[in-house]
Enquirer: 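Here it is, the structure in full.
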Amino acid sequence: MKIRFDKKKYASLILIFLMVGSTLAYGVLQAFRSWSQPNGGAQVPDLPENNVVNYEITAEQRSYMLQLGRTILEYRYKLGCTECANQQAYIEAAASEFPNQIFVQELIDNTANNPTLSITSYYGSEMLTNPSNERVFDALCELMLQPPIRCATRNI
């Protein structure tokens with residue numbers, strides 16, 4: 001059996017070759033573009049060296065941290081707050097235990113009546129007023145991208 005090629009078959013082969021070739025070329029060009037520029041060419045913001053800071057980060061830094069899978073804790077308290085020292089110590093201990101997952105902003109807010117903790121991650125956010133250690137731990141277990149093993153056994 002001999003295959004005969006007419007004009008329609010030649011045109012079909014050329015179109016198939018162009019389609020496959022352009023798809024491969026696009027993939028190769030995109031691969032080289034992402035290798036030559038960090039984050040696929042997008043500008044990467046500078047992140048703080050420490051994961052506990054006492055100033056507010058920029059929106060770009062915040063967005064980039066969330067893309068990296070970090071959980072951002074924003075602790076606002078009044079200067080001279082007596083129970084805030086224990087809360088701060090617990091939050092800082094959690095941040096030091098998971099330095100690649102938790103980022104903490106400690107902000108003085110003299111207009112606040114009670115200390116507040118805002119927890120934001122890829123999975124959502126939660127606001128805690130006058131947070132206890134148990135409530136902070138529960139919220140971190142719910143919102144962290146990779147929660148610790150202790151979270152699985154907390155309700156047993």
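Note that the structure is predicted; figures quoted are calculated from it, not measured.
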Enquirer: Would you say Q105 and Y55 are linked by a side-chain donor-acceptor pair, where the criterion is simply a distance under 3.5 Å?
Expert: no
Enquirer: Would you check if C84 and Y75 make a side-chain contact, meaning some heavy-atom pair closer than 4.5 Å?
Expert: yes
Enquirer: Would you give the length of the straight line joining atom OG of S125 to atom CD1 of I119, rounded to the nearest 0.5 angstrom?
Expert: 9.5 Å
Enquirer: Heavy atoms, side chains only, cut-off 4.5 Å: are M144 and F98 in contact?
Expert: yes
Enquirer: Give a yes or no answer on whether the side chain of S63 reaches the backbone of A59 with a donor-acceptor pair at less than 3.5 Å.
Expert: no
Enquirer: Would a distance-only check, ignoring hydrogens and angles, find a side-chain to backbone donor-acceptor pair under 3.5 Å from N50 to V53?
Expert: no
Enquirer: Would you say E126 and L128 make side-chain contact, with heavy atoms under 4.5 Å?
Expert: yes
Enquirer: Can you give each donor-acceptor pair under 3.5 Å made by side-chain atoms of residues 88-95, sequence neighbours left out, with the distance rounded to 0.1 Å?
Expert:
residue : atom : partner : partner atom : Å
Q88     : NE2  : E106    : OE1          : 3.2

Enquirer: Regarding Q87 and N133, do their side chains bring together a donor and an acceptor under 3.5 Å, going by distance alone?
Expert: no
Enquirer: L117 versus M127: any side-chain heavy-atom pair under 4.5 Å?
Expert: no
Enquirer: Should L79 and V104 be counted in the same cluster of Ile, Leu, Val, Met, Phe, Trp and Tyr side chains packed under 4.5 Å apart?
Expert: yes
Enquirer: Distance from T58 atom OG1 to D46 atom CG, nearest 0.5 Å?
Expert: 9.5 Å
Enquirer: To the nearest 0.5 Å, tell me how far Q101 CD sits from L140 CG.
Expert: 9.5 Å
Enquirer: Quick check for you: to the nearest 0.5 Å, what is the distance between F103 atom CZ and M65 atom CE?
Expert: 4.0 Å
Enquirer: I need the N100 CG to Q146 CD distance, nearest 0.5 Å.
Expert: 9.5 Å
Enquirer: Quick check: do L47 and L68 have side-chain heavy atoms less than 4.5 Å from each other?
Expert: yes
Enquirer: For N110, is the CG atom crowded, meaning more than 12 foreign heavy atoms sit under 6.0 Å from it?
Expert: yes
Enquirer: Would you mind checking if E74 and R76 are paired as a salt bridge, meaning a charged N to carboxylate O distance below 4.0 Å?
Expert: yes
Enquirer: Does I72 reach the side chain of R62, with side-chain heavy atoms less than 4.5 Å apart?
Expert: yes
Enquirer: Got a donor-acceptor contact below 3.5 angstrom from the T71 side chain to the I102 backbone?
Expert: no
Enquirer: Is any side-chain heavy atom of Y123 closer than 4.5 Å to a side-chain heavy atom of L145?
Expert: yes
Enquirer: Any heavy-atom pair between the side chains of Y77 and I108 that's under 4.5 Å?
Expert: yes
Enquirer: Applying salt bridge (Lys or Arg N to Asp or Glu O under 4.0 Å), run through R150 and E97 and close with a yes or a no.
Expert: CA-CA 13 Å; R150 294 187 314 259; E97 186 176 353; 2.7 Å; yes
Enquirer: How long is the gap from CG on D109 to SG on C81, to the nearest 0.5 Å?
Expert: 11.5 Å
